[in-house]
Amino acid sequence: MTPGARPAAEDPEERTPAPQRAGTPEEEPAGGLERSIGAQVKRFRAVLGLTAKDLAERTGLSRAMISKVESASTSCSLGTLERLADGLGVPVTALFGALEEDRELALTRAGEGVVLARGSTPRGHVHTALGVLRDRTDTLEPTLVTITRTARTAPLVRHPGTEFVHLLEGEMVYRHGTRDHPLLPGDSLLFEAEAPHGPTELVVLPVRFLVVAHRHPPTRVRAERPG
């Protein structure tokens with residue numbers, strides 16, 4: 001180039017670096033955000049028992065896209081995140097949960113808890129919620145049930161999901177479906193909650209038992225009188 005002459009403008013194409021081959025040191029690994037989203041999508045999908053094909057049908061995304069998201073090989077647009085969250089039944093923020101050091105927690109001290117008001121509950125029956133995680137749809141619902149009067153038992157209930165009952169005090173007969181189960185302190189039941197269930201006979205008062213229900217998705221509990 002002649003001294004003092006201005007250099008010619010560069011061709012933009014010439015400034016573009018050649019693509020790097022996979023596995024070379026210059027290749028950028030997946031970022032923490034992509035890995036977090038992929039791990040959360042895969043975890044929620046497994047909790048729901050969904051295949052990648054099932055989730056693709058729920059969201060309208062392709063199976064290839066689901067695979068790319070879970071393997072952290074692509075960055076999701078906001079629209080894709082919304083569709084994934086809707087398909088999994090979780091808030092969008094739940095897909096970023098693996099990045100958080102502090103997670104939601106419910107602490108209930110002894111003697112505390114929220115008394116649940118239920119119109120069909122007889123007098124002397126107290127249902128106390130022991131904790132709620134507001135941002136989850138697949139959470140457990142722990143409830144302490146205390147019964148001090150024998151006037152009558154509450155209607156049987158049924159709902160999707162599973163339920164665990166552990167008798168702490170007293171004696172009762174607990175029905176699941178068409179079968180009655182006498183329970184003593186320390187006895188437990190774990191069952192599918194689609195069948196009608198609940199105490200049908202209070203043998204020794206007071207009766208106090210722990211109920212841990214798992215419902216997904218959240219649904220209204222149906223009550224019915226024992227047959």
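These numbers come from the heavy atoms of this one structure, side chains and all, not from hydrogens, waters or symmetry mates. Positions are given from 1 along the sequence.
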S.K.: With distance as the sole criterion, is a donor-acceptor pair present between the side chains of E192 and T162 under 3.5 Å?
M.R.: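 There is no such pair between these side chains.
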
S.K.: So, using side-chain contact (heavy atoms from CB on, under 4.5 Å) as the criterion, who are the partners of V47 when residues are at least two apart?
M.R.: D138

S.K.: Could you check whether R175 pairs with E201 (Lys NZ or Arg NE/NH1/NH2 to Asp/Glu carboxylate O, under 4.0 Å)?
M.R.: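 No.
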
S.K.: Taking side chain as C-beta onward, heavy atoms only, is V115 less than 4.5 Å from H127?
M.R.: no

S.K.: With sequence neighbours left out, what residues match E169 under salt bridge (Lys or Arg N to Asp or Glu O under 4.0 Å)?
M.R.: R208

S.K.: Is F164 reachable from V157 through a run of I, L, V, M, F, W or Y residues, each pair having side-chain heavy atoms under 4.5 Å apart?
M.R.: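 Different hydrophobic clusters.
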
S.K.: Check whether any side-chain heavy atom of V165 lies under 4.5 Å from a side-chain heavy atom of L167, and answer yes or no.
M.R.: no

S.K.: Kindly state each residue pair satisfying side-chain hydrogen bond (donor to acceptor under 3.5 Å, both in side chains) with at least one member in residues 76-91, sequence neighbours excluded.
M.R.: S77-T80

S.K.: Counting only heavy atoms not in L78 (residues, nucleotides, ligands), do more than 12 fall under 6.0 Å from its CG?
M.R.: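 No, not enclosed.
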
S.K.: Which atoms form the tightest heavy-atom contact between C76 and L84, and what is the distance?
M.R.: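 Distance-wise, the nearest heavy atoms are SG-CD1, 4.4 Å.
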
S.K.: Just by distance, no angles: are the side chains of E163 and H197 close enough, under 3.5 Å, to form a donor-acceptor pair?
M.R.: yes

S.K.: Considering only heavy atoms from C-beta outward, does the side chain of I37 approach that of V69 to under 4.5 Å?
M.R.: yes

